[in-house]
Amino acid sequence: MQGGDQNSGTRSPDSGVTVLVCRRTGLVAIGGAILIALLTTVGVGALVAGSNIGLLFLLLAAVTAVFVLPRLRDHLRWDAPELHVQTHPLRLGSHIAASFVRTPTGVRLANGTPLSAEFRLVCEERATYRQGTDTRTETAKVVDHRWTSTGTTAEAATIPTTIPVPDTAGAPTFDLGNNEVRWTLEVTPLTGPIPRSSSSFDIVVAPSWRPAPSTPQDA
Amino acid sequence: MRPEDDQIRVHVDHDLAEPGGAFTGTLRRVPIDGTQPVDGAIPIGGARTIRIALHVRTEGRGDVDERTMGEVGVELDRFGSGSTPFSLPVPPDGPISYDGRLIRVIWEIEATTDRRFALDSKATTRVLVVPNGGVGTYQYPHPLNRTW
């Protein structure tokens, strides 16, 4: 009954912490690189064959490169963005400790550099209906909560935070076919030596309820 | 009155359960006293079995999703003149009863008599599936104290 993890992979290391991995950034970078290669090949081939339309393909390749190359550079220098969650699935009314982690592969990080990121927790209702031969999906964000957290660099860039799951809005994750409730956590780095691109993690909220705690760190 | 003119009443012990729990209740045979039908009961009308099912369905903007999450059948011959308990498990992963902006999730227990050569009779009771740990707090579909 619970929704899938389209953009994230999940693995549970020995510590018991669940790690959600955002794969989207890598897919955009690799897919974009393949597209640039194709456009360039076709463009050069057309120019060699004497057709000026090759210039159009090279122009498209250049425009695509402006968008893709920074992401490709990040993909080569950094592991995929990770969200380390203390307990997953989450529960209604709970505050769960989590960390956004970027691990460098092609750069060296100076210890103790301050970092910050905006976190955005979204719960979305998705209702699909047929109208004639069309299929339409209407969505409504029933939870849209933003906050900022800070962290520092060490071996990896780590920004700890607390995910507040409300019990006054939204619903546990479910997918009945035409009617679905999804939760996502989007992280956008604001300061520090890490890529600024947003990472989106699909999270699962279980049909369990926990009263709102008196302190935010109760997980 | 003939026994086949009797009616069946579905009594649900608690109209609230958690995922992984169960709805329990009793089927009670109710003799018709005079010509007055019993409120909320369904006529036996010669049926040999009665089916008790736990349904979840949606209302709202999307096309309706409807699923039967559990079902028990009771042979009326064995049912006699007394009462028979039933139990319908609730799946551990939900969904729970929900009253959202675009979607409502509704749980119901439906009793249906299976009658030969005649229309089946149905009686429906709306129930609540609340989050684990929410019994005693929830009295209506999630969410609590909605803010919109």
Side-chain angles (χ1 to χ4, degrees), chain A residues 1-5 87-94 121-145 164-183 203-213 218, chain B residues 14 16-23 53-70 88-108 127-148:
Chain A
M1 220 47 67
Q2 292 172 351
D5 255 5
T87 54
H88 191 259
L90 279 59
R91 302 173 67 177
L92 295 163
S94 64
L121 180 67
V122 172
C123 174
E124 188 176 70
E125 292 181 7
R126 300 173 61 85
T128 302
Y129 57 94
R130 280 90 195 159
Q131 204 168 45
T133 55
D134 292 341
T135 299
R136 296 167 191 248
T137 299
E138 195 168 321
T139 62
K141 286 185 174 63
V142 289
V143 172
D144 190 350
H145 178 56
V165 185
D167 57 11
T168 53
T173 308
F174 70 82
D175 183 1
L176 288 170
N178 297 311
N179 298 275
E180 184 183 359
V181 168
R182 282 186 195 173
W183 290 80
I203 57 179
V204 175
V205 174
S208 293
W209 180 74
R210 183 175 193 175
D218 77 318
Chain B
H14 300 286
L16 195 140
E18 296 178 352
F23 286 103
L54 180 62
H55 292 301
V56 62
R57 65 180 173 86
T58 59
E59 288 181 351
R61 294 288 290 173
D63 287 347
V64 172
D65 289 310
E66 195 166 12
R67 292 184 189 178
T68 300
M69 304 306 246
L88 293 165
V90 181
D93 54 353
I96 60 169
S97 302
Y98 177 55
D99 187 6
R101 279 191 204 168
L102 303 177
I103 302 169
R104 278 187 295 279
V105 178
I106 294 161
W107 285 84
E108 289 169 331
V127 289
L128 279 182
V129 174
V130 302
N132 282 304
V135 171
T137 303
Y138 281 82
Q139 294 172 334
Y140 45 80
H142 182 80
L144 290 171
N145 308 318
R146 51 185 67 78
T147 51
W148 59 82

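In what follows, chains are A, B, ... by sequence order, proteins preceding strands, each numbered from 1.
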Taking atom types as modelled, find out whether A:W209 and B:N132 have a side-chain donor-acceptor pair closer than 3.5 angstrom. no
Cut-off 4.5 Å, heavy atoms of chain B, and the answer for A:T139 is backbone
Greatest number of non-hydrogen atom pairs under 4.5 angstrom with chain B, of A:R136, A:R130, A:R91, falls to A:R130
Can you say whether B:I96 sits under 4.5 Å from chain A via the side chain, the backbone, both, or neither, judging by heavy atoms? side chain
Counting C-beta onward and ignoring hydrogens, is there a side-chain heavy-atom pair between B:L128 and B:Y138 closer than 4.5 Å? no
Residues which pass side-chain contact (heavy atoms from CB on, under 4.5 Å) with B:E108, listed by chain and number, not counting sequence neighbours: B:R57, B:I106, B:T124, B:R126
Please identify, among A:A140, A:P172, A:P166, A:S208, the residue contributing the most non-hydrogen atom pairs under 4.5 Å to chain B. A:S208
Can you sort out the partners of B:Q139 under side-chain contact (heavy atoms from CB on, under 4.5 Å), two or more places apart, ordered by chain and number? none
side-chain hydrogen bond (donor to acceptor under 3.5 Å, both in side chains) between B:T58 and A:N179: does it pass, once the steps are laid out? CA-CA 8 Å; B:T58 59; A:N179 298 275; 3.0 Å; yes
Atom group of B:V64 that falls short of 4.5 Å from chain A, counting heavy atoms: backbone
